[in-house]
Each structure stands twice: as C-alpha cells, then as structure tokens.
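Taking it in order: structure first as structure tokens, then the write-up.
The analysis underlying the following values was restricted to heavy atoms, covering all of them including side chains, and did not include hydrogens, waters or symmetry mates. Counting starts at 1 for both ligands and their atoms, in listed order.
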Amino acid sequence: MITVKNLTKRYGPVPAIADVTFDIASEETGNIIGFLGPNGAGKSTTIRILTCFQPATSGSAVVAGYDVFRESVQVRRQIGYLAENAPLYPEMRAREYLNFRGKLHRMSPAERKKAIDRVTERCWLGEFVDRPIGQLSKGMRQRVGLADALLHDPKVVFLDEPTIGLDPNQIRETRKLIRELGERHVVFLSSHILHEIEQICTHTIIIAGGRILAQGSPKALQEQISAGSKLITEIKGSEAEVESAVKGLAGVDSVQSEGVDGWCRLTIGANGSSDIREAIFKLTSEKGWTMREMRREVASLEDFFIKITAEQRLA
Ligand SMILES: Nc1ncnc2c1ncn2[C@@H]1O[C@H](COP(=O)(O)OP(=O)(O)OP(=O)(O)O)[C@@H](O)[C@H]1O
Ligand SMILES: [Mg+2]
C-alpha cells in the first residue's frame, strides 16, 4: 500500500530525512501504521512528501499503487490527509466546510450529501456538524479535520500527530476512532508518544534524525525496548550477600547495590528480554529475606533512541 525507497529531503546541508525506506503491505503489517519519532525527526516532512504536498530531493514513493512524483493527481484521490495544524475556517459551520471541500473533490451535490452524512457518522460529529467550527472544542475540531480527510473515502489516511494538544478524554476518543478507521482504511499516523503507538498500531516505524531506526510489530518493538529496562528492588539483608546471590541468577546482566537504612537497594539489568522478577522473588523467599519494593523501570523512548542510534554508529 505504501512503498518508500531511499527518500531524501534537503532544505540545507543537513538532510531533514535521509534514505528513508519502508514497505507497508497491509496483509502483513495490519492497517494501522505508527510513525514514531521525537521532535524534528522528519515525520511531517515524510508525510508531506507522501501526500504530494512537497517534493523530495531524491528517492521514490508509491502510495496505493501510484507514483507520488509522477501521478500525484491519482495519489491525491486515494489518500486523505490530516495535517499537523489542519487549516479550518472558524466562521464556517462544519457542514458548510465539508460541503466546500466536497466541491474541491468535484463531487456532485448528491454525492456530497451522502459523503457528509457518512463522515459525520464515522467521526462521531453528531449535531456538532451544524455548529460554527470556531465554537467547537479542539477535540471536536480535530474530528472535523478527520471527517474532511475521509470525505472522498480514501484508501489510505495520513494523520500527522492527531492527538497533540487534546485532553486525556479526547485522546481516548480519538484513539478509539482511529481503531475503527483501521477496519476500512490504511491509517498512517505519526506520534512522538511511544505508548500511544503501542496501544493502537499494528506496525511501527521509528524515525529519528531523519533516519529510520527500527520497524516491526509493536510487540517486537516493546521487546527491543524492554531489553534496556531495569528492575529496582529493595531487600533487607547483608548487602554483599544479597548482591552476590542476585548476580548469580540466570538472566541477570548487571547489579548495582546501595545500602539504605539496613535495606539493600538493587538496580538490576537483565540480558535480552528475560523477565527475572519471579526468580528474584523466589530467591528472597528461600533466603528468608524481606522485600519491600520491586518495580520495572521501563526504558523510555528517548533511552531507546539513544541506544539504537549509538548501535548504528558503531555498526
Ligand atoms: N521548511 C523547512 N525549511 C528548513 N528546514 C525544515 C523545514 N521543514 C522542516 N525542516 C527541518 O527538517 C527536520 C525535520 O522536520 P519535521 O517537521 O519533518 O519533523 P517532525 O518529526 O515532524 O517534528 P515534530 O515532532 O516537531 O513535528 C527538522 O530538523 C526541521 O527543522
Ligand atoms: Mg511534525
């Protein structure tokens, strides 16, 4: 559905994206694709190129069977796009705005009516479709933008950070909506929030510094990330004894200990993705020690970015 090869965009000497390559075949990846990266990673640049809003410096891209550079008219017919700051006219009612957008898609009055009814329902706009856009909440305005992106029933929908600036309730609703959209469309959505991507996406592509760092299912990605996570535990006992016993457990990579008021506070690194919590609990109970805390400090996305960027540099 989306094939991107060696896509590069330069504004100045430093490329905004460099050699971006990925292939989305929804039979394999599922329909909801997460494009994850920190600020300035190149997410919007990539999306603007794939939606024919901006040319690339080099490389190629095919979306829904059409070449983004040579067949932009056909590509635009197959895609919907919700930009980072979707321009909406505050004085227009949502219905008027959608009608105006339908005219741009050259839909007949009857087609426009049908399409507006369809997207009003699909984006849960309800009676808000007859309110002026300027009077709508940010979350509701976002839905008008989504309704606009879906008006011509596109195969692929690009959503650039659709939940940014929304409150937790609106975020939850938007995620639910995106999940529903994934039943009928391929949804390509960008975000800088790891757990957002994990929750709704069937496939994830990670970009940072304009380069693709990793891609795969959210589960595979989570395993890669949790490989860098640490376990924090506090056990009562002699520091030397506790430390050496924990060090001897299978799967334990590193142990740092610190004595706090007779308690031994351990920061444990496990190798690979092994879960050592059960072994630690058993050890504590066998030795008759007391445990007052055990929690997993999951590596953040930033940690993950730093780790894989460093690995790439070494490679
Ligand atoms: N019009 C432009 N002129 C010059 N540089 C630009 C332009 N647009 C983007 N850039 C640069 O390209 C890089 C990628 O920007 P882009 O907006 O694609 O990132 P992003 O991943 O969408 O970030 P954010 O999460 O902040 O939206 C950044 O370093 C940015 O400064
Ligand atoms: Mg952006």
Side-chain angles (χ1 to χ4, degrees), residues 2-22 24 32-61 63 68-69 72 75-76 79-88 138-139 141-143 145-146 148-149 156-168 170-171 174-175 178 186-201 203-216 218 221 225 300-309 312-313:
I2 308 175
T3 305
V4 176
K5 279 198 193 120
N6 304 109
L7 211 57
T8 298
K9 173 74 185 177
R10 288 177 187 282
Y11 293 106
V14 184
I17 56 168
D19 269 332
V20 166
T21 298
F22 57 82
I24 307 295
I32 309 186
I33 314 304
F35 196 39
L36 184 66
N39 292 132
K43 303 181 295 293
S44 300
T45 301
T46 308
I47 290 180
R48 281 197 300 265
I49 295 170
L50 297 181
T51 51
C52 310
F53 273 83
Q54 176 176 296
T57 308
S58 59
S60 66
V63 173
V68 165
F69 306 116
S72 62
V75 170
R76 279 167 193 254
I79 61 161
Y81 172 37
L82 177 68
E84 240 172 343
N85 303 302
L88 297 171
K138 197 167 165 60
R141 274 204 300 269
Q142 194 73 311
R143 286 193 211 166
L146 259 181
D148 173 19
V156 187
V157 193
F158 290 89
L159 311 176
D160 198 354
E161 306 232 27
T163 58
I164 210 160
L166 301 186
D167 74 29
Q170 294 169 333
I171 290 179
T174 307
R175 282 191 196 140
I178 291 172
V186 169
V187 182
F188 188 93
L189 95 141
S190 78
S191 174
H192 61 275
I193 307 163
L194 174 65
H195 96 120
E196 169 160 298
I197 295 281
E198 272 167 14
Q199 281 186 349
I200 44 176
C201 294
H203 186 81
T204 310
I205 300 168
I206 298 188
I207 184 168
R211 291 178 186 275
I212 303 294
L213 297 186
Q215 43 191 319
L221 188 75
I225 294 175
S300 70
L301 187 59
E302 283 66 33
D303 296 338
F304 183 62
F305 284 139
I306 293 165
K307 184 169 156 249
I308 44 187
T309 322
Q312 283 205 335
R313 245 183 257 123

Does at least one non-hydrogen atom of [X] fall below 4.0 angstrom from an atom of ligand 1?
X: E161; answer: yes
X: G40; answer: yes
X: E84; answer: yes

Specify the protein heavy atom at minimum distance from [atom]: its residue, its atom name, and the distance to 0.1 Å.
atom: atom 25 (O) of ligand 1; answer: K43 NZ, 2.8 Å
atom: atom 10 (N) of ligand 1; answer: Y11 CE1, 3.4 Å
atom: atom 19 (O) of ligand 1; answer: G42 N, 3.2 Å
atom: atom 26 (O) of ligand 1; answer: N39 ND2, 3.1 Å

* Got V20 and F22 here, is their nearest side-chain heavy-atom distance under 4.5 Å? -> yes
* Asked: Does a side-chain heavy-atom distance below 4.5 Å link E161 with F35?
  ->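 Not in contact.
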* Under 3.5 Å, N or O to N or O, is A41 touching ligand 1 that way? ->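 In this structure, A41 places an N or O atom under 3.5 Å from an N or O of ligand 1.
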Hey, could you give me the [atom1]/[atom2] distance between [X] and [Y], rounded to the nearest 0.5 Å?
X: T46; Y: K9; atom1: OG1; atom2: NZ; answer: 11.5 Å
X: R211; Y: T21; atom1: CZ; atom2: OG1; answer: 10.5 Å
X: I17; Y: T45; atom1: CD1; atom2: OG1; answer: 6.5 Å
X: L7; Y: F69; atom1: CG; atom2: CZ; answer: 5.0 Å
X: R48; Y: Y81; atom1: CZ; atom2: OH; answer: 6.0 Å
X: I33; Y: L159; atom1: CD1; atom2: CG; answer: 12.0 Å

Give the atoms of ligand 1, by number and element, whose distance to some non-hydrogen atom of [X] is under 4.0 Å.
X: A16; value: 12 (O), 13 (C)
X: T45; value: 14 (C), 15 (O), 16 (P), 18 (O)
X: S44; value: 17 (O), 18 (O), 20 (P), 22 (O), 27 (O)

* To do: Specify whether the nearest protein heavy atom to atom 30 (C) of ligand 1 is under 4.0 angstrom away.
  => no
* Asked: Is the distance from the Mg ion (ligand 2) to some N, O or S atom of T45 under 2.8 Å?
  ->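 No, outside the cut-off.
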* Asked: Can you tell me the N, O or S atom of E84 that's nearest the Mg ion (ligand 2)?
  ->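 Of the nitrogen, oxygen and sulfur atoms in E84, the Mg ion (ligand 2) lies nearest to OE2.
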* Asked: Side-chain donor-acceptor pair under 3.5 Å between E196 and T163, yes or no?
  -> yes
